[in-house]
Amino acid sequence: MNIYGLTIKQLEEYMVSKGDKPFRSKQIYEWLYRYQVRNFNEMTNISKNFIKTLEEEFSLDLLEVVSHQTSSDGTNKFLLRLKDGNLIETVLMNHEYGQSL
């Protein structure tokens, strides 16, 4: 299972189910999203034994960007390759929300 598919709450529940402290989920999330590690061994404040458990149960697979296009209005279109080789396309549109006075 890809660890990026877990919410912080789910990761906390997982940590508790493995006998670890709930705060470890926040540490792992920080490693994933703040420091953007690509290997569990880079998580220096997580025990080596628990890193082994994470490696056995989770992956850190990310999508591969095959192509990226930006239009004149700032819209970004991405073609992404999944681990199984399939492709998906996604669009990021920038716009203001709400009403201005």
Side-chain angles (χ1 to χ4, degrees):
M1 168 188 276
N2 194 314
I3 198 165
Y4 291 107
L6 297 179
T7 65
I8 195 163
K9 182 68 176 164
Q10 290 170 323
L11 187 55
E12 184 177 299
E13 291 168 0
Y14 170 80
M15 301 302 286
V16 170
S17 76
K18 294 295 183 178
D20 211 329
K21 307 282 187 217
F23 73 88
R24 291 269 185 241
S25 62
K26 291 178 182 68
Q27 289 177 319
I28 292 172
Y29 249 60
E30 187 171 69
W31 283 111
L32 295 173
Y33 295 104
R34 182 174 182 192
Y35 299 112
Q36 299 179 356
V37 298
R38 298 295 174 248
N39 186 310
F40 290 114
N41 287 313
E42 295 177 58
M43 299 179 179
T44 56
N45 60 348
I46 307 297
S47 75
K48 295 294 182 192
N49 286 339
F50 203 79
I51 284 176
K52 194 176 221 176
T53 300
L54 291 173
E55 289 173 333
E56 291 170 358
E57 298 196 24
F58 297 105
S59 71
L60 288 170
D61 299 324
L62 297 174
L63 303 174
E64 173 192 349
V65 178
V66 176
S67 68
H68 172 215
Q69 299 172 334
T70 303
S71 68
S72 59
D73 68 355
T75 299
N76 290 281
K77 184 166 79 171
F78 297 90
L79 182 63
L80 306 169
R81 185 181 327 274
L82 303 172
K83 184 179 179 181
D84 64 7
N86 286 311
L87 299 173
I88 58 173
E89 188 174 69
T90 188
V91 176
L92 173 63
M93 299 169 55
N94 299 309
H95 57 86
E96 293 182 32
Y97 287 91
Q99 298 178 350
S100 59
L101 301 174

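- Residues forming a ring-ring contact (aromatic ring centres under 6.0 Å, His included) with Phe50 (at least two apart in sequence, or on another chain): none.
- Clustering ILVMFWY residues whenever any of their side-chain heavy atoms sit less than 4.5 angstrom apart, transitively, puts Val37 in the very cluster that holds Met1.
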Which is it for Asn2 and Leu62 under the side-chain contact (heavy atoms from CB on, under 4.5 Å) test, yes or no, and what are the steps along the way? CA-CA 9 Å; Asn2 194 314; Leu62 297 174; 6.0 Å; no

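- Residues passing the side chain to side chain contact (heavy atoms under 4.5 Å, CB included) test with Leu63 are Leu80, Leu82, Ile88, sequence neighbours excluded.
- For the atom pair CG (Leu6) and CD (Glu12), the distance works out to 12.0 Å, reported to the nearest 0.5 Å.
- Distance check, rounded to the nearest 0.5 Å: NZ of Lys77 to OG1 of Thr90 gives 11.0 Å.
- The minimum heavy-atom distance linking Ile51 with Met43 is given by the pair CD1-O, 3.5 Å.
- The OG atom of Ser25 lies 11.5 Å from the CD atom of Gln10; values are rounded to the nearest 0.5 Å.
- From Met15, atom CE reaches atom CD of Gln27 across 8.0 Å, with rounding to the nearest 0.5 Å.
- Within the structure, the ring-ring contact (aromatic ring centres under 6.0 Å, His included) test picks out the following pairs touching residues 69-89 (sequence neighbours left out): His68-Phe78.
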For Tyr14 and Phe58, what are the C-alpha separation, side-chain angles and deciding distance, and is it a ring-ring contact (aromatic ring centres under 6.0 Å, His included)? CA-CA 12 Å; Tyr14 170 80; Phe58 297 105; 5.0 Å; yes

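- In this structure, the side chains of Phe40 and Ile46 stay at 4.5 Å or more apart for every pair of heavy atoms.
- Residues satisfying the side-chain hydrogen bond (donor to acceptor under 3.5 Å, both in side chains) test with Glu64, not counting sequence neighbours, are Arg81.
- Residues Ile28 and Ile3 have side chains in contact (heavy-atom distance under 4.5 Å, counting atoms from C-beta outward).
- Side chain of Asn76 to backbone of Thr70: no donor-acceptor contact under 3.5 angstrom is found.
- Residues Tyr29 and Leu11 come closest through the heavy atom pair CD1-CD2, 3.6 Å.
- When all heavy atoms of Asn94 and Gly74 are compared, the pair lying nearest together is ND2-O, 3.1 Å.
- No donor-acceptor pair under 3.5 Å is formed between the side chain of Asp61 and the backbone N or O of Lys83.
- Side-chain atoms of Glu57 never come within 3.5 Å of backbone atoms of Leu54 as a donor-acceptor pair (strictly under, hydrogens ignored).
- In the hydrophobic clustering (ILVMFWY side chains linked at under 4.5 Å, chained through shared members), Val91 is joined by Met93.
- Between the side chains of Thr75 and Asp73, at least one donor-acceptor pair of N or O atoms lies under 3.5 Å.
- With Glu56 contributing its side chain and Thr53 its backbone, the two residues share no donor-acceptor pair below 3.5 Å.
- Qualifying side-chain hydrogen bond (donor to acceptor under 3.5 Å, both in side chains) partners for Tyr4, counting only residues two or more places apart in sequence or in other chains: Arg38.
- Here the side chains of Asn41 and Glu55 are in contact, with some heavy-atom distance below 4.5 Å.
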